[in-house]
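Take a look at the structure set out below.
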Amino acid sequence: MIGQQGINLIEEIVLGMGFLWYPTGGVEAGIDGLIEIRDAETSEVTNCIIQVQSKATQQERLPTETDSSFEYKCKDRDLTYWLQGNAPVILIIARTQSREAYWVSLKDYFSDPKRRQSQKVVFDKQRDRFDTNARTALIQLAVPKTSGVYLAPRPKQEKLYSNLLRVSQLPQHVYTAHTATEDESKAYSALQKIGRELGQEWVLKENFVLSFHDLRQSPWSSICDRGTVEQHDITEWSLSNRLERQQEFVWLLNRTLLEKVKEDLFFDRKKELYYFKPTTDLSIRTYHYRSLEKKTHRDVFQPYYKKNSENIAYYRHSAFKGQFIRVETNWFLEITPTYFFTRDGYMRDRFEQEHLSGIKKLEKNSAVLGQLVMWAEFLITPAQGEFFVSNSPFLQFDQLEEFEMEVGIDDKAWLRSEDDEVIAVLEDILNDLPLFQADS
Amino acid sequence: MKIDFLQEPELEFGDSGRHIDIRFGMMQHKPLDYDSNDAPKKIQLGLVGTAETIEGLEAWLEKCRQGIEPKQSKQPYLFPEFPGFGEDDNLPMTISFDTRRNGTISSKEIEKLLKCDDRNTLIQKTVELFIEEFRYIDEKTSPDVLICALPESLLERMLDIPEPEDSQEAPILKRKHEPKIELDFHDLLKAKAMTLKNPTQVVLPATYNAAKRTKKNSVRKQKNQPIQDEATRAWNLYTALYYKALGTPWRLVRDPRELTTCYIGVSFYRTLDRSKLLTSTAQIFNERGEGVILRGGQAELSKDDKQPYLPASDAAELLSNAFALYRREHRTLPARVVLHKTSRFIPEELEGFQDALDKHGVDVAEFISFDRTGGTRLFRSGKYPPLRGTFMSLDESTHILYTRGSIDFFSTYPGMYVPRPLKFRCESVEGTPKALAQEILALTKMNWNNTQFDRSDPITIRAARQVGQILKYIDKNDQLEFHYRFYM
C-alpha cells in the first residue's frame, strides 16, 4: 500500500517532466519502474531508459535526518543487483505523507569504493530533491554520451532583461529658430556660452537651432532671429517618420543625456562612450547603488599596477555606449556596458584594446548583466556628483524592459557538465549575479 | 515588443536522415549525396608547400583517415570524435595525395621572401609563388583541390612586420590623405587562383601540427580565434574538401509543399584603392546550398543616411541576372525569392527589384535587411546567456535573433563574453517574421567552412561579404568563377 503510494508519487513527477513512466510491478529487490526520456516538444521517444528503485516511507523523520540531510543504508544484495545492470539505476526515497521525493544515481554514487563499502547514501535534501527540476540531470544520466540524441530545450518560465532603458519623461515642446547670425561658428560659441550655465540641450545645424530650452526667453532669445522662433509639440520630432527629423531628435537627446550625466561622467568622442571620471587624487572610486533589492557597490574607477611593481600601469573606468532608439511610439536608451582605459585618469591608454579583450575573456552573461543594472540605476537615480545638481528637467528614465520566456536553462545542471577551466571562469567572483528583486 | 523562441532547425543528410548537429548528422547518416553518382568518392589533392609542411600535412591526413579521438572533455556533444574516412565508412570520400601532384617550394625561395620588409610586398610575392606552383600542377595533373600549405615562418613574418607609419602620430590625418591598402593573403590568393581550373584550400601549420599552435592560427591580423581541438579541425577540413570536390554534405530540410526558393545575399565592398566605387555582390542559393556568385553593378550612397544601395535599373538587372543563373542551374525559375541585404532598402531600389520580379513572373519575394550596428541585447539572470533561437520583435518589422547563444544540445554557451544577436528588418515581406527568422536560423547552418552549427550570420550574408572581400582584388574585366567553392 505505502509502496504503491510511493510509485504513484514518482509517476506523477515523471509525467510532469514530460517523460514516460512504465511500472514493472517488480519483486522486492527488483526494479519498480522505468523512465523513458521523451521530447516534450515533439513527443518523440528516445529509447533512453533509466531504471527506478523506489523506497517509500510514511515516517515524517528518518532516524538519521537533520534539516539538510538524511541517510539511507542499502542492503548489500540489492546494491550488487542494481550496480551490475546495463542501464542507469536511480534510487528514489518517496515520502508519501509530505509528498516529497529524493533521488540518487546509484552507479555514480557508489563508484567511490569507500561509499560502496559503507553501503550508505547520504541525501542532500536540497540538491537531491526529485521534482521537475531534476529533468536535465535525468537526461544527462539516461542519454549515452556519444549518441547525439537531442531534445527541445526545457519548458521553463524565465525572465529576460533587455538593455533597453525606457525613457519615461520628455519635455512637451521643442523650440526652433534661425540664428541671428549666419556665421555658424559664431552662433555656436554664443549658444555654448549660454549653455554653460543653463544647459546644452540644443543642436545647431547650419543656422537652424533645435532646442528643449524655450528660445523665446532671454538669454536664448538674444541669439535667435526673433521672427523665426517657433514652439512645436515634441511629437513633431519624437514621433516623426522623416529620417532627417529622427536624426535631429536623436542628436538632441544625446546632448541632453550628456548634460544629465556631466557631473559624474566624461564622454569620449572617438570611442563614443560615457565613462566615470577619475577621482581628484586618482584613488579608487566606488559607486554605491541599489541593485533593485539590495544595496551594493562597484569600483567604477581604479588603478591597475605593473607586474611586481607599485607603479601604475593604467586606470580602468566603467563605461557604456548609449544609443537612443525609437520602438513604435516609445524611446529607449540602448545601453552597452564596456570599459575605458586611461594612462592617468584622462589620456586614453594605448593598449586599451588589449585590456578590453582581456577582460572580455573573463566576463560572461552575469558580469555584463551586473554592469547593465548598475548603469540603469545610475541613469534612473539623480546625479551623485560632488555638488548638488538638480535633476535633469528634460530627460528621465524608468526601467529596463523585461520579458517572460517560455523555455530556459538549468544553469546548475549545465555547470556540472562543464570542463574545469570553464567552471573556474563562470564561478569567478566577477561573474556573480547581480541581486534582483526577489521574484520567487 | 515581444519575445518568442525558435527550435533548432534540422538538416537533412544521407538516406533522408535528419539531425540538428552537422557532425552527428554526418556520422549517423553519411553526407547527403553519398549514394549518388555525382558524389565525390575520392578527392585528389595537389599540395604546394615546403618539404616540411607537405610532409606534415600528409602525415596528419593519414592520421585523420584512421580517425581522431575526441578532445578530453565533459562535453561529448561539443567535441565529438572524427570517425575517420574511407570507402566503407560513414564518411565515404577518401582523400589521396601523391608526390607527382605536389609542388615543393625550396628553402632558398622562402629565405628570399623572408627578407621582405614590406608586408604587402611579402603577401603579394608569396601569393605569386604559390599561384605559379598551382598553375604548373593544375595543368600537369589536374587535382580536384589545390592545397596551399603555408609554412610557419612566412605566416609569422606576415603578421610581425611592423606598420610603416608610427601609429602614435596623428594616424587619422595621414590616412585621409593617402589611404593605406592592406592586403589579405587568403583573399588575394583566392582572387589570383580564379584563373586556375580547380578550387584551392589554405591549410595553416596549426591545423595539422599541434606543436605549431603558438599564437599564429590565422592569416588575418587581430583575428586569433581560440584554438580548435584536433577532431574539430579534421571535421572542418574534410567537409570543406567534400564541398569543394562538388559534393553536397547536407541541405536544409524542405517541406515539399513549400515554394521552391532562391536565396540571394547582397553586400557591398569598396574597391582596393578605397575610391568611392562600391560594387555589389550576390550569392544565389537553393536549399542545397549550391552557391553561385554574381557581380552586381556600381552602388551609390543614400543621401539621408549614407547607406549603400543600388539604383533601380541596376537592382532590376542584378535580380534578372540572378534568375538567369538560377534557371541555368535548375532549368526553371524559383517560385519565391528571399533577398538578404547588408543595408536598408530604399524605395527606388525596391522598385527596381519589383520590376525584375514582374518581368519574370515571380510572385513571392521577401526583402530583408541586416543591421550590424544594432546593440540590442538580452540577459538571463543566470550564468549563461539566452538560448540560440531567442527571437525578439521590437516592432512589426524590426527583429533581434540570437543565432549565437546558449545551446541546449551542447549544454553550454560555446562562445566568448556575451553573444551578439542578429538584427534584421523585414522591409517588404509575405511571410510572418517568425517564419522568416526560422529560415534565417536554418541558413546559419549552411556554412561549409565550419561544422559547429551555431554560426552567427546566415550563409547568404556571410558569403556575400566574403565574396566581396575577394572580388575587390579582381579587375572588372578579369575572369570570374561562378561557384562559391572558389571563394571559401
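Computed from a predicted structure; not experimentally measured. Each chain gets a letter, A, B and so on, in the order its sequence line appears, and its residues count up from 1.
When side chains are defined from C-beta on, A:Glu363 does not count as touching B:Val418, because their heavy atoms never get closer than 4.5 Å. Contact check for A:Val425 versus A:Lys361: no side-chain heavy atoms found under the 4.5 Å cut-off.
Interface check for chain A: of the options B:Gly389, B:Pro76, B:Ser411, the most heavy-atom pairs under 4.5 Å are formed by B:Ser411. The candidate with the highest count of non-hydrogen atom pairs below 4.5 Å against chain B, out of A:Asp410, A:Ile335, A:Val407, is A:Val407. With chain B as partner, the option from A:Glu404, A:Lys321, A:Met405 having the largest number of non-hydrogen pairs under 4.5 angstrom is A:Met405. When A:Thr336, A:Ile325, A:Val149 are compared by the number of non-hydrogen pairs under 4.5 Å with chain B, A:Val149 comes out ahead. Per-residue heavy-atom pair counts under 4.5 Å with chain B were compared for A:Glu406, A:Gln247, A:Gln140, and the maximum is reached by A:Gln247. Most heavy-atom pairs under 4.5 Å with chain A: of the set B:Lys74, B:Glu81, B:Glu396, B:Gln72, this distinction falls to B:Lys74.
Inspection of the A:Glu401 and A:Ser162 side chains reveals no N or O donor paired with an N or O acceptor under 3.5 Å. With no hydrogens or angles considered, no side-chain donor-acceptor pair links A:Asp349 and A:Thr342 at under 3.5 Å. B:Glu427 and B:Ser369 are linked by a side-chain donor-acceptor pair at a separation below 3.5 angstrom, with hydrogens and angles left out of the test.
Residue A:Glu244: no heavy atom, backbone or side chain, is found under 4.5 Å from chain B. At a 4.5 Å heavy-atom cutoff, A:Ser357 makes no contact with chain B through either its backbone or its side chain. The part of A:Glu334 that comes within reach of chain B is its side chain, from C-beta onward, which places non-hydrogen atoms under 4.5 angstrom from that chain. In this structure, chain B has no heavy atom under 4.5 Å from any part of A:Val422. With a threshold of 4.5 angstrom between heavy atoms, A:Leu160 approaches chain B through its backbone and through its side chain. With a 4.5 angstrom heavy-atom cutoff, A:Leu372 touches chain B only via side-chain atoms. Residue contact with chain B, scored on non-hydrogen atoms closer than 4.5 Å, involves the side chain of A:Glu41 exclusively.
The aromatic rings of B:Phe409 and A:Tyr150 sit perpendicular, their planes meeting at an angle over 60°, well past the 30° parallel limit.
Checking each of B:Asp408, B:Thr444, B:Thr403 against B:Arg388 for a side-chain hydrogen bond (donor to acceptor under 3.5 Å, both in side chains) leaves exactly one that passes, namely B:Thr444.
Here B:Phe85 and B:Tyr238 bring their ring centres to under 6.0 angstrom of each other.
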